[in-house]
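By convention in this document, chain letters (A, B, ...) are assigned in the order of the sequence lines, proteins followed by strands, and residues within each chain are numbered from 1.
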Amino acid sequence: MNTRESAIDALLLQREIETFYYVEAELLDERRFEEWLDLLTDDIVYFMPLRRNVKFGSQDEAENSVEGVDAAWFDEGKHTLTQRVAQIKTGIHWAEEPLSRVRHLVTNVQVTDAGPGIAGARELGVKSRFLVYRNRVDDETDIFVGQRADRLRKVDGAWKVARRVILLDQSTLLAKNLTFFF
Amino acid sequence: MNTRESAIDALLLQREIETFYYVEAELLDERRFEEWLDLLTDDIVYFMPLRRNVKFGSQDEAENSVEGVDAAWFDEGKHTLTQRVAQIKTGIHWAEEPLSRVRHLVTNVQVTDAGPGIAGARELGVKSRFLVYRNRVDDETDIFVGQRADRLRKVDGAWKVARRVILLDQSTLLAKNLTFFF
Amino acid sequence: MNTRESAIDALLLQREIETFYYVEAELLDERRFEEWLDLLTDDIVYFMPLRRNVKFGSQDEAENSVEGVDAAWFDEGKHTLTQRVAQIKTGIHWAEEPLSRVRHLVTNVQVTDAGPGIAGARELGVKSRFLVYRNRVDDETDIFVGQRADRLRKVDGAWKVARRVILLDQSTLLAKNLTFFF
Amino acid sequence: MTATQTGNGARWVDIERGIIGRDIFVSDEIYAREMQQVFGRAWLFVGHQSQIPNPYDFFVSRMGAESVIMTREKTGQIHVFLNTCRHRGMKVCRYDQGNARVFTCPYHAWSYSVDGNLTSAPGGLAGVPQYKAIYHDELDKSQWGLVPVAKIANYKGSIWASWDADAPEFETYIGGMKLYLDAVLDHRDGRPGGSEIIGGIQKWKVPSNWKFGAENFIGDLYHITSHRSVDMVSIGPSGAGRRDTPIVKHQGAKRPPPFASIGFPNHGHGVIGNLPHYEEQDYVPQFTLTPEVEEYYRHIYHARVANLGGQKRGLAAVGTIFPNLSFHGMQPRALFTWHPNGPREMEIWKWYLVDADAPAAVKDVLRRYYLRYAGPAGLTEQDDMENWNYATSASAGMEAGRYPYNYQMGLGYERPAPDLTDAVYTTAVTEQNQRIFYQRWAQYMDAESGDRLHPERNSNFADMLARRRA
Amino acid sequence: MTATQTGNGARWVDIERGIIGRDIFVSDEIYAREMQQVFGRAWLFVGHQSQIPNPYDFFVSRMGAESVIMTREKTGQIHVFLNTCRHRGMKVCRYDQGNARVFTCPYHAWSYSVDGNLTSAPGGLAGVPQYKAIYHDELDKSQWGLVPVAKIANYKGSIWASWDADAPEFETYIGGMKLYLDAVLDHRDGRPGGSEIIGGIQKWKVPSNWKFGAENFIGDLYHITSHRSVDMVSIGPSGAGRRDTPIVKHQGAKRPPPFASIGFPNHGHGVIGNLPHYEEQDYVPQFTLTPEVEEYYRHIYHARVANLGGQKRGLAAVGTIFPNLSFHGMQPRALFTWHPNGPREMEIWKWYLVDADAPAAVKDVLRRYYLRYAGPAGLTEQDDMENWNYATSASAGMEAGRYPYNYQMGLGYERPAPDLTDAVYTTAVTEQNQRIFYQRWAQYMDAESGDRLHPERNSNFADMLARRRA
Amino acid sequence: MTATQTGNGARWVDIERGIIGRDIFVSDEIYAREMQQVFGRAWLFVGHQSQIPNPYDFFVSRMGAESVIMTREKTGQIHVFLNTCRHRGMKVCRYDQGNARVFTCPYHAWSYSVDGNLTSAPGGLAGVPQYKAIYHDELDKSQWGLVPVAKIANYKGSIWASWDADAPEFETYIGGMKLYLDAVLDHRDGRPGGSEIIGGIQKWKVPSNWKFGAENFIGDLYHITSHRSVDMVSIGPSGAGRRDTPIVKHQGAKRPPPFASIGFPNHGHGVIGNLPHYEEQDYVPQFTLTPEVEEYYRHIYHARVANLGGQKRGLAAVGTIFPNLSFHGMQPRALFTWHPNGPREMEIWKWYLVDADAPAAVKDVLRRYYLRYAGPAGLTEQDDMENWNYATSASAGMEAGRYPYNYQMGLGYERPAPDLTDAVYTTAVTEQNQRIFYQRWAQYMDAESGDRLHPERNSNFADMLARRRA
Ligand code: FES
Ligand code: FES
Ligand code: FES
Ligand SMILES: [Fe+3]
Ligand SMILES: [Fe+3]
Ligand SMILES: [Fe+3]
């Protein structure tokens, strides 16, 4: 296939992935959490490290807490994510009752790698950036900004998130809780 | 037409619509309001409901005020929108004098339906998300985040907004006024 | 080439440019500043005017300070930008030590003109919008929103920024410093 | 007004000279005192019965800076309680509205009834988990129910409350202003009450002291120049300007008495409207852009003539009932409260009113007009909030603080209002009502105000007339 | 407790009646006084030695509202200094952790040592650029070093400090509560110490007064109803509920003494756990969802039986060491501080603990469980913070302020705790420990508290027993 | 300085020991007092005449925390008024700059003149809508004009004002510092004035007390180590470092007197520069990276030699004129104000200066250099603001508050400055000027300062020399 055709393949893939993220955001913000869970593989790794202020030159080893070893904001799999959804659905999870108004703005979607190739890709590396706006009750307002580095896998013809590493651009968390999803 | 071709049609349409929104944002933020009005059909419905905090399970009926019946932030048509523009242009609309610095960031553009079809579509359902930043005088700053659910109609070969429902993610409005457009 | 083909050319170009900006954002936020400098032409003009509150009707002449004449936030070229990078790399530039957590969200990417044409373009006018989030040490947080109007030039087959005019939507700067890049 | 009469109040308000210090709009100390002296003792508007039509319906409102719950028990009786748990203070209801038989605190599940049948008293402590086992039956539940207001009144569907058991009865508190509150609450055809709230209360925060809103609506006819931009674009229901001007044009027509500022010095209330009269003026077409609405108004005009006959009536454009309830009486038609959020911010709540039985088409036209006129997106009111915002910040300056504000307009030109026993009026544009408002505010701020909080024992009315120029 | 006993404290806290005023959670004046009286005099938790294992390692922590640096010098000795330059106050270290031999101020480069070899004293002013030329050798460097804490203690790896040179020794300060702090810090097999911090301290800001956290963990068993939603979804390590309940089921099994609220009136500490005992209860399987962890617990159970023999021991579920260090002793296992950021905000810091030599697989399971239970993303604790947030805001109301909070649960039912000389206990759910906390808080707030700050000379314990019901 | 001399000031500032309490940088009470005592009485820089070249031009500036309007009337005369309406306080001008014959308030349209021809007095109340009808001609307009400053001075194009009618004349207030202000304002060729403002004022908010900026620029040579990172990258106009060092290298060259800290104890001003001299030093090439600029400096050097002849002159690197005007006198060249926005925030305004008649190419090079050096994006000043930010926050700590700051550098080594009657100097790096600044500040803060506010009747200069070491 000539380069123009493969460039078009890349376009189609990019669009497919952007759509995936827009649909995901919609499910989250419309609180269709069970449908959102369906977008995750059963073996998903959902990790959000702590961030630290460290001396110049030591960022690589010390800026973020280590997956699987250190404390983190989130380091879990589908089971726990499913429990979070179930808890909200009880209607007595006070931190989310009444429900927050949450909005996910997704930008800078970058497909970083595709296997085995762009055409007929079955696994992708994708980076994207988010601004999550959360407003609740009277005037509680939080703005979260950061990056998601995902592994997407094609399962039964549909893309699913197999791994998500969330980098929140805060060291001390500037919110009382994290009762929603990134 | 094969699926690849129709996929490309969808790409072209997506791009066309994104461009439409970017141009719209530009007109608004450069205060070319009359040109912006031209992007609206004469029968446009411009609606922004109030949001409420309600018990889990009653969101569908009670979370948003009802179009055409309840109070709202905006529930109007082109005539009133045109008057808003005219008022700003008087130069003595004190709430916008001096003019605010407004910026529309548009993300998550999703074409949800196209009639009669992607190719040669004449009417579209489109959802998008916004962050509207407003700064004025010395340090007045407001950030508004939410979703726009639009109906776009093709009029004389050009897309126009025939219906816009704005969901602002706030219950108590965290701003003294709404002197700009979403 | 028929219109469909040229429309596809436009798509490919748009994607190419969006990728360019996403890569640029990644280099900046991962603090790979030297690599970022490589994305700038040697004769780049990097200008960010002051904004003013002025009477209705006098915006065009008085709202922004004038490039090459007035004071500004930035009015410089590659040499100074390179010095800024070098200063951060000293590890004793206290305003960036420890380093800030910076995130560039890029939206509304619009190619406004292409020369000599879409296909085989060698110079482009591109407008985009940004939300730059900066968080550092404990809870220092700044949000900057505005527009970038760029000239991109193709050098040795790669796009580079030849001119960048940054419109920050603030009159009084609501931050103690500008130690990062737009 | 002399210092002895107002005590502390006189430090800030000099009514005789028409001078008021800027710090009343920005001082933290004065604000804290307002909470106790004004909002802790005055009657405050809470909501409207049409918002909670069914048993167990509730609406969460505010009194001053605090959250309260307005409930309707099975018997239909309405109650107002402080929205905080007696155990550790948790906000027991964090919804804006709904229907509930009991309010269970999220923290330790103390449960409060809204129904006299569930426990001894509405708002009483219905349920305390493990009461016997851990409280040994010793906790006196009767003492730990939700805090009820000391007094509550339902006036033609509008619900009012006060924290002060010694407050005068509501009808005494409202005094002659009743005539103008009626003009807002009654059906346009003259039937008592008969109005309802349009669903959805607008709530928004404004960087302004709450009193700038109250004083603007009590009688600031002078600021209409500020609204020139909206007049130029004509949002009025008949096209021109921003509202209909119900003035009969033709010769020998029946006209209402003059439009005037009418103030109640002993009460602190004020209105801009027409003096009391006993006969309808001739019909003046309104909403001429929408024939079905014009037709409706024509129809109820005749009904009103029939219903009211020779009764006394008033017409109210805008007004304020001390301290923080203001209203639009004609176009638009709304009740709104200026809730204090600290000295430099207020939260405005706006309830829009329509005749309950008006045709849907009429309600729709009115609603759309209200929304383009009023509220944060209203073409008219946007500019008001801009002025109050910058007036508030300018009140805080060190040097500026040395220059009190000027409330001298029409000072000494007040006249006793005919057909009202406790009101003065001025037909020219005046700041009479603002002076009345702040004089009353100063009395409430005065620790030893005592008797004077009872309008019938207050002397402001007499004093003002005594001070009149010859 | 009488007014003479607590001086100012009594203005806010009436322990005999179980009543506490709301303003202690929102008043700026009370907060400022807390900084001086409570955080300026009590022992505060700073960190754990396992966070700075090597010479010159440092960890930046907080004491009250201020930043401090915990350093380890070459000799291994640990120091705690105020993180501010003595010249113009610049924060000398703006990293969260690291390794440094000297702290050089960014502003004028005054350099402070952490090593006794570099200058006369750790924290001393090691370097002053151009000292001779511009200070003429006259600046007395010995007087201008980093401000060290007045007292520091290393208790089984946990580092504590106080700004008050007259503070009692740490072991006196902790008193009988030591038994329960051991239960948190000791290795699960009974070896003293032997726990370590999991890398990464969670830090987050919550719009709540800091005392709501301290009082919740000192003995609020009553609020478990608030956690029903998490119990329903079962995040526990053996499936059910949110944690294992180590209760032996079978007949005639060895059981620990009853689960109770145990409080230390002379100290202000309290814990929910088991009364002291001298023998392990029978093994109860834990973490049954993860056999390797269950196996680990079974293994160390037997080691504990062997290691402890007939020694006295306690079991701690949750507790608070006055004023702002709380812990989870079983599931999860953590230390956390409630740092005051003004009256209406606190910053919570959370240190998670595991047996230092536990297998990686065990550490991993524990860590994951801790994270889903606790912290801002923890399914359980999210709801706690929601309650504290709205309890704090409701404490500020003018009218609400007239209604103090109720701390009467179990008042007068305290009994002397067996095998403890300075503790009371109650087996039923009670607010005994909260009362003990606030009585102690009131004493610290009292300017003339003097002697009573020394637990051994305090009479709260005796007074409380004297007040018991027959 | 003794307590009797400074009254309240002494509570915070102990000049004899070189000790200053931290609370002066964070206390709300001290801040409120500063507004009255310091900003309400001192001379403040408002702007430059080149910003309003034409009749009716205006520039909105600040004096302390308040907004003021600097206007030019038709006659060319310049006025400064408080930017708040006398009626209800609305900010009458919300533009940054422009041209207007009248300022009409947006709220009720009271209109204020800037032109003596329109009404009796500039800033007078020119228009009051419906004056006769509603104010009955009784409002005394002459008493309700915009609030003018009590004193105003135009010094070589720089505009200064004071709210205090008893303030000394500007030239008395500035004293011997005049020589150094001249060095900033005069044309580089020695002609008086002759500089102009580059269009565009940088304004930004910094979380720092305003005094940290003032004290840094009055004489903090010591903090250059803080700028090492910028020196390493060489932003200087001749390549090396961050600025040219105008030191003659070759033997027997004409050199200026030593570079020193020069302070004015009776005034509170200070500068880092060269002592007065009467002859130019030999020319030293500057801006060697840009030959056309180097050429310009060479050219005006010779012009300066000719123009000044044997006149007295000074060279100013940086300095502060009490209380909040600082400047860069050589490279870059700018005036800036530290506006207080509460104790913990300041708003910095920066005016850049160039010779009015310099070639465009020269102005361009200078402008670019200024911008890369100074302001929020300036490679040099970014680090200053970082230090001030964290010095301010550290000043607020409870424990930290017990440790005053050290201003002892060079204490007692001040000498009378030759060729200046009211100045001391120190050639070594010193905190002499900072001490002078805070001693003056303390006098202004002192309620009974009276006479001492007049430099000629102040004794600080004599006292300081009396305190010198043998
Ligand atoms: S706070 Fe409401 S039950 Fe405890
Ligand atoms: S502030 Fe630390 S050396 Fe000056
Ligand atoms: S506030 Fe300026 S005219 Fe009324
Ligand atoms: Fe108005
Ligand atoms: Fe809990
Ligand atoms: Fe500096």
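- In this structure, A:L178 and E:W204 have side chains that are not in contact, with every pair of non-hydrogen atoms separated by 4.5 Å or more.
- Of the listed residues (E:A377, E:A360, E:G378, E:G200), the one with the most heavy-atom contacts under 4.5 Å to chain A is E:A377.
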**Message:** Run the side chain to side chain contact (heavy atoms under 4.5 Å, CB included) test on A:I92 and E:M232 for me, step by step, so that the C-alpha distance in whole Å, both residues' side-chain angles and the decisive distance to 0.1 Å come before the verdict.
**Reply:** CA-CA 10 Å; A:I92 56 171; E:M232 289 164 71; 3.9 Å; yes
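- Counting heavy-atom pairs closer than 4.5 Å to chain E, the top-ranked of the candidates A:G77, A:A86, A:G68, A:P49 is A:G68.
- When each of A:L50, A:L173, A:T90 is scored by its heavy-atom pairs under 4.5 Å with chain E, the top score falls to A:L173.
- Taking all atoms of both residues into account, the shortest heavy-atom contact from A:N177 to E:M385 is CB-CE, 4.4 Å.
- Between chain A and the residues E:I197, E:V60, E:I235, E:D364, the most heavy-atom pairs under 4.5 angstrom are made by E:I235.
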**Prompt:** Can E:K205 and A:T172 be said to form a side chain to side chain contact (heavy atoms under 4.5 Å, CB included), step by step?
**Reply:** CA-CA 7 Å; E:K205 298 183 193 286; A:T172 301; 4.1 Å; yes
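- In this structure, chain A has a heavy atom under 4.5 Å from the backbone of E:I201, while its side chain stays farther away.
- Looking at E:S208, there are no atoms closer than 4.5 Å to chain A (heavy atoms on both sides), in backbone or side chain.
- At most 12 non-hydrogen atoms from other residues, nucleotides or ligands lie less than 6.0 angstrom from CZ of A:R122.
- Classification of A:K176 and E:E386 as a salt-bridged pair holds, one side-chain N sitting under 4.0 Å from a carboxylate O.
- Most heavy-atom pairs under 4.5 Å with chain E: of the set A:L174, A:V69, A:V66, this distinction falls to A:V69.
- Of the two parts of E:E347, only the side chain, counted from C-beta on, holds a non-hydrogen atom closer than 4.5 Å to a non-hydrogen atom of chain A.
- Of the possible polar contacts, none joining the E:Q97 side chain to the A:V54 backbone as a donor-acceptor pair under 3.5 Å is found.
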**Asked** Under the side chain to side chain contact (heavy atoms under 4.5 Å, CB included) criterion, do A:R84 and E:Q382 qualify, and how do the steps go?
**Response** CA-CA 11 Å; A:R84 294 180 183 279; E:Q382 291 171 350; 3.8 Å; yes
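- Under a 3.5 Å cut-off, the side chain of E:R367 and the backbone N or O of A:A71 do not form any donor-acceptor pair.
- The two atoms that bring A:F56 and E:Y95 nearest to each other are N-OH, 4.5 Å, heavy atoms only.
- When every heavy atom of A:H93 is checked against every heavy atom of E:S229, the shortest pair comes out as CA-OG, 3.7 Å.
- If you measure heavy-atom distances from E:Y370 to chain A, you find no contacts under 4.5 Å at all.
- A:E76 contributes no side-chain N or O that, together with a main-chain N or O of E:R372, makes up a donor-acceptor pair within less than 3.5 Å.
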**Message:** Between E:N389 and A:E140, is the side chain to side chain contact (heavy atoms under 4.5 Å, CB included) condition met? List the steps.
**Reply:** CA-CA 11 Å; E:N389 175 353; A:E140 286 186 63; 4.0 Å; yes
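- Looking only at distances, no side-chain donor or acceptor of A:N53 sits under 3.5 Å from a matching main-chain atom of E:D96.
- Note that the NZ atom of E:K203 and the CD atom of A:Q170 stand 13.5 Å from one another [nearest 0.5 Å].
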